[in-house]
Structures are given as C-alpha cells and as structure tokens.
Amino acid sequence: MTANGTAVSPSPELRSKRRRSALRTAAFMSPWLIGFSVFFAYPLLSTVYFSFTKYDGFRPPVFNGLANWSYVFTDSPMFWPAMRNTLWLVVVMVACRVAFGLGIGLLITKIKLGTGVFRTLFYLPYLAPPVAATLAFVFLLNPGTGPVNVLLDSVGLPTPGWFTDADFSKPALTALAVWGVGDLMVIFMAALLDVPREQYEAAELDGAGSLQRFRHITLPNISPIILFAVVTGVIQAMQYYTQPLVAGKVASGVIGGSGQQFEPGYPDKSTLTLPQVIYNVGFQRFDYGSACVVALVLFALSMAFTALLMRRRGGLIESGD
C-alpha cells in the first residue's frame with residue numbers, strides 16, 4: 001500500500017513465487033488429502049445420503065426422507081437396548097480398564113525383584129486373540145461346569161449365570177476387558193517411571209504421605225496419559241463388536257454352521273452393541289438406510305465423547321494457564 005492509501009498489486013514474480021509455494025505445499029499434503037477424501041469424507045457423505053434412502057444393496061437407492069430415522073428411533077427393537085449397553089460399557093468398562101491399568105503399573109514400578117517376570121505375565125493376556133480369549137472366558141464362567149463357579153460354590157458364595165444371565169453378562173465382558181489390560185499397564189509404567197524423583201523426595205521431606213504424593217505429584221504428571229487412555233478406551237468401547245457377539249453365540253449354543261440363524265444380544269439383548277446393530281441391520285436384513293442411521297449416531301456419540309474429554313479443563317488434565 002502506498003503513502004496515499006492506494007493498494008499496490010504484487011509483482012508478477014511475487015505472484016509466481018506464491019503460486020509455486022502453494023503448489024509445493026499442496027503436493028506435500030496430497031497423500032493426506034487423498035486419504036482423507038477417499039477413506040473419510042466420501043464414506044461419511046455417502047452414509048449421510050443413504051440414511052435418507054431406501055436401499056438394499058441390489059436396487060438403486062430411493063429417497064424416503066426421514067423414514068429410516070423414524071424407524072430407528074421409534075420402532076427398532078434393537079437400537080435402544082444397544083445404545084444403553086454401549087453407554088454402560090463406555091462408562092464402566094473404560095473406567096475399570098484405566099483404574100486397573102494404572103494400579104498394576106504402580107504395583108510393578110514398586111516391585112524390586114522379578115519386575116520383568118510380572119510385567120510379562122500381566123502383558124501376555126493382551127496378546128491373546130479376541131475370539132480365543134472370549135471363548136476361554138465363556139468356558140471358565142460356564143454356570144454349570146466352569147471352574148470359577150465351582151470355586152465359588154465350594155466356598156459357599158453365589159454362583160452367577162455370567163454370560164447366560166442378563167444381569168451379569170456385561171460385568172463378565174468387563175472382566176474380560178480388564179484381563180487384557182496389559183497395553184495400558186505398559187503405557188502407565190512408562191509415564192510413572194518418567195515422573196521426576198526429585199518431586200517425590202521433596203514431598204517426603206515435607207512429610208507428605210503416599211496418598212498425598214500420589215494425588216499431588218503422580219496424578220498431575222501422568223494426567224495427559226490418563227486422558228489418552230480414556231479417549232482411546234472410549235473409542236474402542238464404541239466399536240465393541242467381536243467379544244460380545246462371540247460370547248453371546250457360545251453361551252446360547254449357536255457356535256456356527258450353515259443354516260443357523262443368530263440374533264445378536266444373547267441373553268435378552270444384554271450383550272447387544274451399536275456395531276452389532278449396524279452389521280445385523282445392514283448386512284443380514286439388507287436395510288442399508290437404517291444401518292447408516294445407526295452408524296451416524298455412533299459417529300456422533302464418538303465425536304461428542306472425544307470432544308468432551310479433550311477439553312483441558314474437564315478435570316483429566318490440569319490447565320497450565
């Protein structure tokens with residue numbers, strides 16, 4: 001801009017330099033832009049479109065307005081039980097996994113001898129394939145012949161039905177998730193070992209007890225790792241599919257084979273989750289429009305939980321302002 005206030009257009013050389021810089025930036029970003037467009041933007045927009053259509057995967061989609069949304073929220077027999085179960089798993093299972101992972105990490109960092117052995121023993125269950133681990137848990141918690149109930153009965157304690165009882169199926173799935181908490185244990189151990197020892201020594205000189213040191217030194221230092229564990233745990237819980245489906249199938253006696261039909265959620269829809277509803281409605285009932293509605297609800301819930309947890313003043317991370 002000149003002294004009298006008139007704007008001066010950039011020279012051709014400067015415009016050419018800016019254009020080359022923009023093209024170079026776009027070239028470096030092109031892998032991400034292509035991946036984002038192909039694997040996120042296009043599927044998301046297609047899901048929104050199909051949610052307003054009647055589409056079975058064979059004939060062209062036909063626009064039907066809000067019919068799919070109305071059916072899912074008012075007439076679907078599986079949506080609301082799956083919603084309640086998914087939210088229960090998000091709250092209870094994620095909290096238990098984070099608490100047990102942190103507790104085991106603290107325990108192992110305090111052990112002086114055999115640290116490698118205990119670390120390996122606690123981490124090994126995480127390596128078990130989900131289907132194999134679920135099958136093992138279903139047989140261990142078999143209400144009639146499982147060793148867990150046999151042990152409980154031998155000491156005079158009640159013997160729950162576990163995966164055959166709607167009141168105990170979700171706690172049994174939570175126990176299975178806690179059994180494989182080795183991934184969080186390793187993450188928390190790395191964070192705990194990174195806490196400056198000088199802070200603990202200064203707190204001990206001031207007379208702080210173990211609980212006070214944990215509250216005022218350990219938690220503030222590892223709070224970003226706790227936030228990471230909670231956010232990733234919520235995303236995993238919202239996608240929980242394999243374990244409840246396999247547990248319900250095995251507990252109901254429907255293991256597999258041609259001609260066998262299985263409605264997910266056994267017993268009494270207590271293990272039904274939103275991903276199971278999406279698969280059942282979309283790929284077994286060929287109602288892709290309603291399945292897209294459930295998928296969008298699941299996406300919105302995941303985004304809402306993540307946005308809520310990522311707020312720095314939400315209590316998980318102390319603000320440094």
Side-chain angles (χ1 to χ4, degrees), residues 78 81-82 84-104 107-108 117-185 233 236-277 279-280:
M78 295 191 295
R84 289 191 292 269
N85 293 335
T86 301
L87 294 178
W88 191 98
L89 292 171
V90 166
V91 174
V92 178
M93 187 173 71
V94 173
C96 289
R97 275 180 54 83
V98 172
F100 274 85
L102 178 56
I104 296 173
L107 178 64
I108 294 181
V117 175
F118 285 106
R119 184 170 58 239
T120 302
L121 290 176
F122 281 113
Y123 186 75
L124 279 177
Y126 173 71
L127 301 178
V131 174
T134 306
L135 288 172
F137 251 70
V138 172
F139 286 113
L140 288 173
L141 299 178
N142 186 288
T145 60
V148 174
N149 274 11
V150 171
L151 179 61
L152 292 176
D153 185 63
S154 65
V155 295
L157 294 177
T159 56
W162 301 113
F163 289 109
T164 61
D165 188 340
D167 294 329
F168 287 90
S169 57
K170 287 189 287 293
L173 288 173
T174 302
L176 172 61
V178 170
W179 178 70
V181 79
D183 57 333
L184 292 184
M185 176 204 69
Q236 291 173 357
M238 298 294 287
Q239 300 173 348
Y240 207 48
Y241 176 84
T242 303
Q243 290 88 335
L245 182 67
V246 173
K249 275 191 173 185
V250 178
S252 66
V254 181
I255 304 230
S258 60
Q260 288 184 320
Q261 296 295 327
F262 175 74
E263 284 292 323
Y266 180 88
D268 195 23
K269 296 184 175 65
S270 62
T271 59
L272 187 66
T273 61
L274 289 177
Q276 292 183 50
V277 175
Y279 181 82
N280 180 268

Exercise. Between CZ of Phe163 and CG of Leu140, what distance do you get to the nearest 0.5 Å?
Worked result: 10.0 Å
For this session: Please examine the side chains of Tyr126 and Val181, heavy atoms only from C-beta on, and report whether any two atoms are closer than 4.5 Å.
Result: no
Exercise. Taking it one step at a time, do Leu135 and Val246 satisfy side chain to side chain contact (heavy atoms under 4.5 Å, CB included)?
Worked result: CA-CA 7 Å; Leu135 288 172; Val246 173; 4.1 Å; yes
Problem set entry | Residue pair Pro267 / Phe168, side-chain heavy-atom distance below 4.5 Å | no
For this session: Show your reasoning for whether side chain to side chain contact (heavy atoms under 4.5 Å, CB included) applies to Asn149 and Leu141.
Result: CA-CA 7 Å; Asn149 274 11; Leu141 299 178; 5.7 Å; no
Seminar exercise, completed: Heavy-atom closest pair (Thr164 atom, Gly161 atom, distance to 0.1 Å) is OG1-O, 2.7 Å
Problem set entry | side chain to side chain donor-acceptor pair (under 3.5 Å) partners of Ser270, counting only residues at least two apart | Ser169
Exercise. Are Met93 and Leu173 close enough that some pair of their side-chain heavy atoms sits under 4.5 Å apart?
Worked result: no
Exercise. Does a side-chain N-to-carboxylate-O contact under 4.0 Å join Asp165 and Lys170?
Worked result: no
For this session: Please state whether the rings of Trp179 and Phe137 are parallel, tilted or perpendicular, taking 30° and 60° as the class boundaries.
Result: tilted
Exercise. Please walk me through it: do Lys269 and Glu263 pass side chain to side chain contact (heavy atoms under 4.5 Å, CB included)?
Worked result: CA-CA 9 Å; Lys269 296 184 175 65; Glu263 284 292 323; over 6 Å; no
Problem set entry | Residues which pass ring-ring contact (aromatic ring centres under 6.0 Å, His included) with Tyr266, listed by chain and number, not counting sequence neighbours | none
For this session: Would you please test Thr271 and Asn85 for side chain to side chain contact (heavy atoms under 4.5 Å, CB included) and show each step?
Result: CA-CA 7 Å; Thr271 59; Asn85 293 335; over 6 Å; no
Problem set entry | Which residues share a ring-ring contact (aromatic ring centres under 6.0 Å, His included) with Phe118, sequence neighbours left out | none
Exercise. Distance from Tyr240 atom OH to Thr86 atom OG1, nearest 0.5 Å?
Worked result: 11.5 Å
For this session: Starting at CG of Leu245, measure out to CD of Gln276 and round the result to the nearest 0.5 Å.
Result: 5.0 Å
Problem set entry | Closest approach of Pro143 to Pro160 (non-hydrogen atoms, all atoms of both residues) | CB-O, 4.0 Å
Exercise. With a 3.5 Å cut-off and no angle check, do the side chains of Asn142 and Trp162 form a donor-acceptor pair?
Worked result: no
